Amino acid sequence: MFSSDDHAYMSLALQLAEKGLYSTSPNPRVGCVIVRDGQVVGSGWHVYAGQPHAEINALNAAGEAAQGATVYLTLEPCNHSGRTRPCAEALVKAKVAKVIIAMQDPNHLVAGGGISLLKQSKIKVQSGLMKEEAKELNIGFVTRMTNQRPWVRMKIAASLDGKIALNNGISRWITGEAARCDGHKFRARSCAVLTGIGTVLEDDPQLTARLIETSRQPLRVVVDSRLETPVAAKVLQGEGELIFTAIVNEEKMNALSKAGARPIVLPDEKGNVALAKMIQMLADFEINEVLIEAGSKLSGAFIRAQLVDELVIYLAPHLIGSSALSMLYLPELTDLSEKHKLKIRDLRMVGQDIRIIARLL
């Protein structure tokens, strides 16, 4: 169905789409390649929300050479007006001959509409080329559009015996610089980084992607049941940071609001923050990917609530000992059938540390 050339051009389109890994949110990462007579005459990618989409950038680069050309797109072109004009219309106006699409847009505002418009305009359309690669690139966007929740990724840095800190709380630095830099890449691609009040009070982290070059910083989210977040906490030194709490304290909430944060009261029946409702609510803020960087108790609570999609674990070549803090606080199992099953997706060395990426089944 698809030739080796088709695969090569779509691979190039995916590489272009990945250039927007840290910048396109809440929009999907999209790449476009325009080919005529065996030559690439135009290419582009979506850089920032509100700016021209990948198709428009590629069409502008191609000019009149786009007429009669084949277009390789990592995502179905939009057929509705949002921040920009419909890309499907632009392709029709450019008189391209054929469009090969990796995957249909999961957004219900598009969902086949772009493909239909192209076909109605007598443009040949093929879809499904390198679909899984395109989906992985936009796993958060796809999850938000189809499940009304973001993709939840949890990052853990631990010793080889599974410890994240000494018993006295000291944890800097268990992993090496290369692993920390790699972890910042996951921060940069995330729309939000989430932590708990224990980490805020213990470490006063910034949770920014400062070890790599990026044009934006993720939103910071704090789970703080008792509303103990200090107004001067470094994690609040952004814009519109979210603090989920289980109590109403008007004085403290006003102080946090004046500091630029947004307190949200969302209790569960036990007086804690309702984690499942919180994750769903983050989709309302157009959050595609959430990175959890928290202590063992909150991390364990997310695992127990089955709210985590993916684990990114860095294991350092150290042994810290049984009295140190474990990576996850989980209840004792009485039968191995109760274990949390994982599927390892990637295993590699990052500097002197081991990085494991695993999906929860």
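The model shown is predicted, which means the values in this text are computed figures rather than measured ones. One is the number of the first residue; the rest follow in order along the sequence.
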Open item on the list: Looking at E136, I'd like to know if its CD atom is crowded, meaning that more than 12 non-hydrogen atoms belonging to other residues, nucleotides or ligands lie closer than 6.0 Å.
Closed with: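 More than 12 heavy atoms, drawn from other residues, nucleotides or ligands, come within 6.0 Å of this atom.
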TODO: Please say whether more than 12 non-hydrogen atoms of neighbouring residues, nucleotides or ligands are located less than 6.0 Å from CD1 in I344.
DONE: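 Result for CD1/I344: open.
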Does the side chain of [Y] come within less than 4.5 Å of [X]'s, by heavy atoms?
X    : Y    : answer
D6   : Y72  : yes
T199 : P205 : yes
L75  : Q104 : no
F141 : D105 : yes
I287 : V290 : yes
R187 : E293 : yes
V71  : V35  : no
V265 : L227 : no

Open item on the list: Determine whether D5 and S3 satisfy the following criterion, side-chain hydrogen bond (donor to acceptor under 3.5 Å, both in side chains), listing intermediate values before the conclusion.
Closed with: CA-CA 5 Å; D5 284 343; S3 68; 5.0 Å; no
Kindly compute the distance separating [atom1] ([X]) from [atom2] ([Y]), expressed to the nearest 0.5 Å.
X    : Y    : atom1 : atom2 : answer
L330 : I303 : CG    : CD1   : 7.0 Å
L166 : S323 : CG    : OG    : 8.0 Å
E18  : L21  : CD    : CG    : 6.0 Å

- [ ] Given side-chain hydrogen bond (donor to acceptor under 3.5 Å, both in side chains), test N27 with Y48 step by step and report yes or no.
- [x] CA-CA 8 Å; N27 288 357; Y48 297 107; over 6 Å; no
Side-chain ([X]) to main-chain ([Y]) donor-acceptor, under 3.5 angstrom:
X    : Y    : answer
T74  : A134 : no
R36  : V41  : no
D182 : A178 : no
N288 : P26  : yes

Task: Qualifying residue for salt bridge (Lys or Arg N to Asp or Glu O under 4.0 Å) with D309, from R149, R345, R153 - done: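 Testing D309 for a salt bridge (Lys or Arg N to Asp or Glu O under 4.0 Å) against R149, R345, R153 leaves exactly one candidate, R149.
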Task: Salt-bridge contact R189-E289 (side-chain N to carboxylate O under 4.0 Å) - done: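 E289 and R189: salt-bridged.
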Open item on the list: Considering only residues two or more places apart or on different chains, which pairs with a residue in residues 227-253 satisfy salt bridge (Lys or Arg N to Asp or Glu O under 4.0 Å)?
Closed with: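 Every pair satisfying salt bridge (Lys or Arg N to Asp or Glu O under 4.0 Å) with a residue in residues 227-253: R220-E241.
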Open item on the list: Show the nearest heavy-atom pair for residues C181 and L211, with the distance to one decimal.
Closed with: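 What the structure gives for the nearest pair is SG-O, 3.8 Å.
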TODO: Would you please say whether a donor-acceptor pair under 3.5 Å links the side chains of R29 and N138?
DONE: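 No, because no side-chain N or O of R29 sits under 3.5 Å from a partner of the opposite role on N138.
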Open item on the list: If only side-chain N and O atoms count, and only distance matters, is there a donor-acceptor pair under 3.5 Å linking D353 with T175?
Closed with: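 Their side chains do not contain a donor-acceptor pair, so the 3.5 Å distance test is not met.
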Open item on the list: I need the single residue from P77, P52, C32 that forms a side chain to side chain contact (heavy atoms under 4.5 Å, CB included) with C87. Which is it?
Closed with: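 The side chain to side chain contact (heavy atoms under 4.5 Å, CB included) with C87 is passed solely by P77 among P77, P52, C32.
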Anything under 3.5 Å between a donor and an acceptor, one on a side chain of residues 116-127, the other on a protein residue two or more places apart or in another chain? List them.
unit_1: S116; atom_1: OG; unit_2: G112; atom_2: O; d: 3.0
unit_1: S121; atom_1: OG; unit_2: L117; atom_2: O; d: 3.0
unit_1: Q126; atom_1: OE1; unit_2: K98; atom_2: NZ; d: 2.8

